[in-house]
Protein chains: 2
Amino acid sequence: MADIFKALADPTRREILLMVAEKPTNINTLVDHFEMSRPAISKHVKLLEASALLNIQTGATDTRQRICHIQLEALKEVEDYMEQLERFWKKRMDRLGEFLDNQSD
Amino acid sequence: MADIFKALADPTRREILLMVAEKPTNINTLVDHFEMSRPAISKHVKLLEASALLNIQTGATDTRQRICHIQLEALKEVEDYMEQLERFWKKRMDRLGEFLDNQSD
DNA sequence: AATATAAGTAACTAAAAGGTTACACAAATA
DNA sequence: TATTTGTGTAACCTTTTAGTTACTTATATT
């Protein structure tokens with residue numbers, strides 16, 4: 001599984017995710033939206049898929065189309081990391097609180 | 001201001017942030033914690049500082065020391081992005097709900 | 001005053017990231 | 001059936017990233 005933080009590090013990939021969150025989108029629609037070649041978009045999509053931020057389904061009417069769907073669950077790893085940072089920070093504030101309480105004895 | 005998503009993309013930098021969140025930490029303590037040279041750590045810290053994820057204060061007793069303090073506020077940009085993704089996604093779900101309601105007329 | 005310590009900078013290297021053009025191929029359409 | 005369309009892959013190039021060693025500087029410490 002590819003590193004989700006690395007996946008989010010690129011602005012093009014972040015914008016792809018925004019598009020796909022609004023509406024499932026096929027590859028050519030993405031290509032049209034960016035000033036970038038198809039292989040470039042193709043790679044970005046592949047990486048997003050590898051980090052589980054999106055999955056790809058085959059078009060119902062036109063089976064050539066590959067339609068990207070967002071998978072928000074993958075963001076959990078990022079949320080967990082940020083919560084951990086905050087938890088550590090709060091624990092520190094608690095210790096500081098205890099320290100200050102003891103000072104007032 | 002450096003890209004915060006890029007700053008978080010590197011595992012060493014993420015771990016530095018965790019350490020610093022628990023406790024303000026000077027450079028050498030960071031260097032000791034990783035199997036990596038000082039210049040490498042120095043660069044990571046610099047980048048974290050440039051993206052406002054931490055700030056550096058001079059040691060009170062030993063003024064040579066540069067002590068890293070976390071700045072959680074910088075995470076807002078990441079939180080905003082994730083909220084936007086979820087907002088887009090929910091709006092879509094709402095539209096789907098309306099569609100299904102109309103079907104049952 | 002001499003030495004040890006905390007940290008930064010310069011110059012370099014290897015690998016990863018992000019892009020390109022050219023080509024291939026299967027499915028839809030005329 | 002011939003052609004167009006949607007997509008993927010290969011090979012390549014350039015820039016960025018992440019690390020190194022060697023050196024410098026300033027402040028503490030003995």
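Chain identifiers are assigned alphabetically (A, B, ...) following the order of the sequence lines, protein sequences preceding nucleic acid strands; residue numbering begins at 1 within each chain.
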* Asked: Judged by modelled atom types alone, do A:Asp101 and A:Gln103 share a side-chain donor-acceptor pair under 3.5 Å?
  -> no
* To do: Could you verify whether a donor N or O on one side chain and an acceptor N or O on the other, from B:Thr29 and B:Asn26, lie under 3.5 Å apart?
  => yes
* Is it true that atom CE of B:Met93 has more than 12 heavy atoms of other residues, nucleotides or ligands lying nearer than 6.0 Å? -> yes
* Take atom CD of A:Glu35 as the centre, draw a 6.0 Å sphere, and report whether it contains more than 12 heavy atoms from other residues, nucleotides or ligands. => no
* Asked: What nucleic acid atoms does B:Lys46 come within less than 4.0 Å of, heavy atoms only: base, sugar-phosphate, or nothing?
  ->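 Sugar-phosphate, backbone atoms only, no base.
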* Have a look at B:Lys6 and say if it touches a base, only the backbone sugar-phosphate, or nothing, with a 4.0 Å heavy-atom cut-off. =>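 Since only primed, P, OP1 and OP2 atoms lie under 4.0 Å of B:Lys6, the category is sugar-phosphate.
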* Structure fact -> Nearest heavy-atom contact between A:Thr25 and A:Met19 is OG1-O, 3.9 Å
Would you say [X] places a side-chain N or O within less than 4.0 Å of OP1 or OP2 belonging to [N]?
X       : N      : result
B:His44 : D:dG19 : yes
A:Asn28 : D:dT7  : yes
B:Ser42 : C:dG8  : yes
A:Arg38 : C:dG19 : no

* Indicate yes or no for a side-chain donor-acceptor contact from B:Arg92 to the backbone of A:Glu22 under 3.5 Å, with no hydrogens or angles considered. =>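 Answer holds: yes.
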Which whole-number value in Å describes the distance from [X] [atom1] to [N] [atom2]?
X       : N      : atom1 : atom2 : result
B:Asn26 : D:dT27 : CG    : P     : 17 Å
B:Glu35 : D:dA18 : CD    : C1'   : 16 Å
A:Ile67 : D:dG8  : CD1   : P     : 12 Å
A:Ile56 : D:dT7  : CD1   : C1'   : 10 Å
A:Gln65 : D:dG8  : CD    : C1'   : 15 Å
A:Met36 : C:dT20 : CE    : P     : 7 Å
B:Phe34 : D:dT20 : CZ    : P     : 13 Å
B:Leu30 : C:dG8  : CG    : P     : 10 Å

* Of all the nucleotides listed (D:dA18, C:dA7, D:dT7), which has the minimum atom distance to the side chain of B:Arg66? ->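 Of D:dA18, C:dA7, D:dT7, C:dA7 is nearest to the side chain of B:Arg66.
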* Asked: Of B:Lys43 and A:Asp10, whose closest DNA chain C nucleotide lies nearer the 5' terminus?
  -> B:Lys43
* CD/B:Glu73 to CG/B:Leu53 distance, rounded to the nearest 0.5 angstrom? -> 9.5 Å
* What one-letter contact string describes nucleotides 22-30 of chain C from 5' to 3', where B marks a base within less than 4.0 Å of any protein heavy atom, S marks contact via sugar-phosphate atoms alone, and - marks no contact? -> B----BS--
